[in-house]
Colleague: 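Sharing a structure here in structure tokens format.
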Amino acid sequence: MKTKIVKATDQNIKKATKEIMAGNLVAFPTETVYGLGANALNENAIKKIFIAKGRPQDNPLIMHISKANDIYKYVTNVPKKVEKLINKYWPGPLTIILKKKKIVPNIITAGLNSVAIRIPQNKIALELISKSNCPIAAPSANTSGKPSPTTAKHVYEDLNTKISTIIDGGPCSIGLESTVIDFTTRIPTLLRPGAITKEMIEKIIGKINLSKSNAKKIKSPGMKYNHYKPKAEVILIKTKIVKRFITEISEKNKVLCILNSKTKINIKNKITYKNDKHLGQNLFAWFRDADSKKFNIIIVEATKETKLGVAIMNRLKKASNVIIE
Ligand code: AMP
Ligand code: MG
């Protein structure tokens with residue numbers, strides 16, 4: 001199949017909605033990362049997502065809707081706390097998990113009795129969903145296990161020949177996957193940190209729990225898989241960056257350093273980040289770029305684990321082979 005990257009014109013979005021309605025896949029931009037979309041109520045269409053990505057069948061997908069009221073069609077009960085949260089943060093990078101109704105196919109939830117739902121905050125995504133007249137199941141539009149795609153080109157690198165259309169909406173404004181919060185537990189549980197932080201959620205609904213990564217009892221099946229990994233080995237450094245360390249590693253390796261711009265070290269292959277927003281937006285793109293330039297080690301200077309830094313460090317810890325504390 002020939003894969004086309006198309007501009008987000010009205011005509012192309014209309015064509016894309018036809019693909020979705022016909023049970024085919026379309027990649028589209030959201031504010032978090034690019035999504036690989038299919039009609040969420042069509043089992044055959046959803047199967048195509050798992051095949052194109054090489055995604056394990058037990059890793060459930062997020063269902064994307066365009067109007068908050070649509071949530072009542074797909075879940076058995078919407079607690080007051082959820083209403084408050086979605087009033088505040090939808091459309092936005094916040095995914096809510098609730099008990100599903102029968103209409104939601106088991107394949108999208110990987111057999112779980114709960115479903116993950118969000119409204120993305122991206123004009124193109126919203127238009128595609130509302131015009132397709134169905135909810136859209138969309139995981140990140142990458143090959144399973146690779147860093148999530150934050151540009152149309154990243155999607156093309158992974159899914160060329162596997163899908164017909166990629167709608168190009170430019171680079172994603174956030175660059176990290178959505179926050180996932182589970183409301184099937186008595187106290188809501190944060191399963192994946194994202195740009196809507198724990199503090200932002202607690203400000204609206206009070207105390208929530210953090211999920212413990214307990215391998216035996218994983219609540220979010222996706223959490224057990226190795227996401228976000230480039231081919232290069234990632235070394236995450238939490239202490240002061242020492243030039244001698246980098247120089248020594250560089251004698252035998254092709255090393256790229258991703259450092260805080262305040263760290264003044266004169267070395268060859270260096271990318272600096274200004275703040276967490278800048279790092280979050282670009283982290284996956286820099287990983288992919290490092291792989292394409294055949295770096296075999298990426299040294300990343302850790303950021304503070306507060307606010308957006310929590311989500312960034314979550315991805316960095318999953319990507320890294322070595323953490324120096
Ligand atoms: P992705 O679409 O690649 O961003 O992954 C979606 C994430 O949401 C994965 O980590 C899934 O395991 C998680 N998820 C989706 N649906 C559920 C659900 N019903 N219960 C728990 N986690 C879910
Ligand atoms: Mg993903």
Side-chain angles (χ1 to χ4, degrees), residues 25 27-38 40 46 49-50 52-65 71 74-77 82 92-120 125 135-150 154-155 158-159 172 174-185 188-196 209-215 217-230 280 283-284 287-288 311 314-315 318-319:
L25 305 183
F28 62 97
T30 81
E31 79 280 30
T32 57
V33 301
Y34 274 70
L36 179 60
I46 299 169
I49 293 183
F50 285 95
K53 280 180 61 76
R55 184 172 173 112
Q57 292 270 350
D58 64 349
N59 192 0
L61 309 178
I62 296 170
M63 187 161 109
H64 295 74
I65 56 178
I71 192 174
Y74 307 115
V75 305
T76 56
N77 175 41
V82 171
L94 178 69
T95 297
I96 306 273
I97 294 178
L98 285 166
K99 205 156 169 263
K100 80 177 190 76
K101 280 189 179 164
K102 265 218 176 82
I103 180 177
V104 178
N106 285 326
I107 180 168
I108 185 176
T109 69
L112 297 172
N113 62 7
S114 58
V115 61
I117 302 185
R118 95 171 175 108
I119 303 187
I136 293 187
S140 47
N142 52 331
T143 301
S144 228
K146 283 225 203 164
S148 292
T150 56
H154 297 160
V155 180
D158 283 13
L159 301 179
C172 300
I174 293 174
L176 301 167
E177 304 83 353
S178 61
T179 304
V180 178
I181 180 165
D182 183 3
F183 277 88
T184 65
T185 46
T189 311
L190 190 76
L191 298 183
R192 178 171 75 185
I196 304 285
N209 281 340
L210 285 181
S211 114
K212 298 187 188 66
S213 353
N214 174 348
K217 220 183 146 196
I218 278 173
K219 187 73 206 205
S220 181
M223 288 160 72
K224 75 177 181 227
Y225 296 108
N226 249 336
H227 283 75
Y228 327 114
K229 259 196 188 315
L283 181 65
F284 294 145
F287 278 174
R288 281 177 178 264
N314 167 271
R315 308 312 190 266
K318 289 189 183 196

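Keep in mind that this is a model prediction, so the values were computed, not measured. Throughout, numbering of the chain's residues begins at 1 and tracks the sequence. Each ligand, and each atom within it, is numbered from 1 in the order the structure gives.
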Colleague: Restricting to salt bridge (charged side-chain N to carboxylate O under 4.0 Å, His left out), what partner residues turn up for R118, sequence neighbours left out?
Modeller: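 Partners of R118 by the salt bridge (charged side-chain N to carboxylate O under 4.0 Å, His left out) criterion, ordered by chain and then number, come out as E31.
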
Colleague: Heavy-atom pairs closer than 4.0 Å: do any link ligand 1 to the side chain of R55, the backbone, both, or neither?
Modeller: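 For R55, the contact with ligand 1 is made by the side chain alone.
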
Colleague: Using a 4.0 Å cut-off to any heavy atom of I62, which atoms of ligand 1 qualify?
Modeller: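 That gives atoms 6 (C) of ligand 1.
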
Colleague: With a cut-off of 4.0 Å, which atoms of ligand 1 are near a heavy atom of S140?
Modeller: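 By the 4.0 Å cutoff, the relevant atoms are 2 (O), 3 (O).
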
Colleague: Where's the contact between N59 and ligand 1, heavy-atom distance under 4.0 Å: side chain, backbone, both or neither?
Modeller: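 Answer for N59: side chain.
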
Colleague: Looking only at heavy atoms, which two atoms of L36 and A52 are closest? And how far apart?
Modeller: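 In this case the closest contact between L36 and A52 is CD2-CB, 4.1 Å.
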
Colleague: Which of the atoms of ligand 1 are close to I97, meaning less than 4.0 Å from one of its heavy atoms?
Modeller: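 Counting from 1, the qualifying ligand atoms are 17 (C), 18 (C), 20 (N), 21 (C), 22 (N), 23 (C).
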
Colleague: Do the side-chain N and O atoms of S178 and T95 include a donor-acceptor pair separated by under 3.5 angstrom?
Modeller: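 The answer is yes; a qualifying pair exists.
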
Colleague: Does R55 reach the side chain of L61, with side-chain heavy atoms less than 4.5 Å apart?
Modeller: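 Of all side-chain heavy-atom pairs linking L61 with R55, at least one is under 4.5 Å.
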
Colleague: Any nitrogen or oxygen of R192 lying under 3.5 Å from a nitrogen or oxygen in ligand 1? Just yes or no.
Modeller: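 So ligand 1 has an N or O lying under 3.5 Å from an N or O of R192.
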
Colleague: At less than 4.0 angstrom from any non-hydrogen atom of L112, what atoms of ligand 1 do you find?
Modeller: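 Every atom of ligand 1 under 4.0 Å from some heavy atom of L112: 18 (C), 19 (N), 20 (N).
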
Colleague: Can you name the ring pair (Phe, Tyr, Trp, His ring centres under 6.0 Å) partners of F284, sequence neighbours left out?
Modeller: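 Scan of F284 (ring pair (Phe, Tyr, Trp, His ring centres under 6.0 Å), adjacent residues dropped) gives Y228.
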
Colleague: Is the distance between the Mg ion (ligand 2) and the nearest N/O/S atom of S140 smaller than 2.8 Å?
Modeller: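 Given the 2.8 Å cut-off, S140 counts as a ligand of the Mg ion (ligand 2).
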
Colleague: Cut-off 3.5 Å, side chains only: do S140 and E177 have a donor facing an acceptor?
Modeller: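 Side-chain D/A pair, S140 to E177: absent.
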
Colleague: If you measure from atom 19 (N) of ligand 1 to every heavy atom of S114, A116, P139, S144, which option wins on shortest distance?
Modeller: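 Looking at heavy atoms only, S114 sits closest to atom 19 (N) of ligand 1.
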
Colleague: Would you say the side chains of N113 and K99 form a donor-acceptor pair under 3.5 Å?
Modeller: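 Not at all, the side chains of N113 and K99 share no donor-acceptor pair under 3.5 Å.
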
